[in-house]
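Remember, it's 1-based here, ligands and their atoms both numbered in the order they're listed.
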Amino acid sequence: MNIVALCGSLRAVSSNKTLLRAAARLAPEGVTITLYEGLGDLPHYNPDLESNPPPVVRAFRELIRAADGLVIASPEYMHGVPGSLKNALDWLVGGGDEFVGKQVALLNASPRSTRAQESLSDTVTIMAGHVVEEASIAVPLLGKNMSEEAVLGDAEIAGALRGAMVALVRGIEAARP
Ligand SMILES: Cc1cc2nc3c(=O)[nH]c(=O)nc-3n(C[C@H](O)[C@H](O)[C@H](O)COP(=O)(O)O)c2cc1C
């Protein structure tokens with residue numbers, strides 16, 4: 001099973017990225033979680049480009065099409081979803097049906113980022129994706145400066161993350177025809 005991870009923060013030491021990298025290492029056997037690193041390289045969404053989408057956009061769409069599910073972790077910026085992440089999601093609607101029916105886990109490194117989380121959930125739903133609620137958790141990493149190893153070494157956090165990934169895999173399996 002192949003799951004793609006998207007991070008709404010472009011920061012090198014992003015706590016959401018740390019969460020995703022740790023989740024990848026806690027994935028159940030036979031499940032690969034790959035962090036997409038190209039979010040910041042996608043051009044601004046422009047419907048005029050749909051007739052001949054740039055190669056980075058084509059590659060991103062193919063990556064999402066081939067994914068069995070998605071895990072998204074994002075900060076909240078000014079009560080909203082960061083523009084870079086929203087831009088990436090916009091590219092998945094303009095062209096075709098890559099996103100349709102995808103099972104999605106929404107992680108969050110800051111439990112106070114409730115507005116962005118709600119907005120993201122709304123966006124995923126209108127894109128005909130499905131938010132797996134049992135796989136969508138907030139983990140309080142903000143301000144703790146925790147490394148990936150520290151996250152994996154924290155029994156409570158690692159247990160919650162592993163449980164979320166197991167729930168996502170169950171959601172993907174349950175949605176299969
Ligand atoms: C420009 C900016 C705006 C922010 N706005 C909010 C906000 O509206 N609500 C909130 O809870 N946190 C806000 N934050 C805090 C971020 O959500 C927080 O730093 C985030 O968890 C960092 O994620 P990262 O470590 O993955 O980059 C903001 C941070 C920045 C840099």
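- Near Ser9, meaning under 4.0 Å from any of its heavy atoms, are these atoms of ligand 1: 24 (P), 26 (O), 27 (O).
- Using modelled atom types, one finds no donor on one side chain facing an acceptor on the other under 3.5 Å when comparing Arg21 with Asn16.
- For Arg176 and Asp68, the salt-bridge test passes: some basic side-chain N is under 4.0 Å from an acidic carboxylate O.
- Residue Ser110 has at least one heavy-atom neighbour below 4.0 Å for each of these atoms of ligand 1: 21 (O).
- Within the set His79, Arg11, Glu76, the minimum heavy-atom distance to atom 14 (N) of ligand 1 is found for Glu76.
- Remark: minimum distance from atom 26 (O) of ligand 1 to any protein heavy atom is reached at Ser14 OG, 2.6 Å.
- Among all protein heavy atoms, the one lying closest to atom 19 (O) of ligand 1 is Leu142 CD1, 3.6 Å.
- The backbone N or O of Pro53 sits less than 3.5 Å from a side-chain atom of Arg58, completing a donor-acceptor pair.
- Residues Val56 and Asp41 come closest through the heavy atom pair CG2-O, 4.1 Å.
- For ligand 1, the polar-atom distance check against Val13 finds no nitrogen or oxygen pair separated by under 3.5 Å.
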For this session: In sequence, state the C-alpha distance, the side-chain angles, and the governing distance for Leu168 and Arg170, and then conclude on side-chain contact (heavy atoms from CB on, under 4.5 Å).
Result: CA-CA 5 Å; Leu168 175 59; Arg170 277 208 200 104; over 6 Å; no
Exercise. After noting the C-alpha distance and the side-chain angles of Phe99 and Val93, does the key distance pass the side-chain contact (heavy atoms from CB on, under 4.5 Å) rule?
Worked result: CA-CA 7 Å; Phe99 196 87; Val93 174; over 6 Å; no
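- Counting the atoms of ligand 1 from 1 in the order shown, those under 4.0 Å from a heavy atom of Asn16 are 23 (O), 24 (P), 26 (O).
- In terms of protein heavy atoms, atom 11 (O) of ligand 1 is closest to Arg112 NE, 3.0 Å.
- A heavy-atom separation below 4.0 Å is found between Ser113 and ligand 1.
- Considering every non-hydrogen atom in both Ala135 and Leu107, the closest pair reads O-CD2, 3.7 Å.
- Residue contacts with ligand 1: Lys17 is placed with no nitrogen or oxygen under 3.5 Å of a nitrogen or oxygen of the ligand (distance criterion only).
- When hydrogens are left out, the protein atom nearest atom 31 (C) of ligand 1 is Tyr77 CE2, 3.9 Å; that is the closest non-hydrogen contact.
- Contact atoms of ligand 1 toward Pro75: 17 (O), 20 (C), 22 (C), 23 (O) (distance under 4.0 Å to a heavy atom of the residue).
- A 4.5 Å side-chain heavy-atom check between Leu35 and Ile33 finds every atom pair outside the cut-off.
- For the pair Thr18 and Met146, the minimum side-chain heavy-atom distance is 4.5 Å or more.
- The nearest heavy-atom contact from the protein to atom 3 (C) of ligand 1 is Met78 SD, 3.5 Å.
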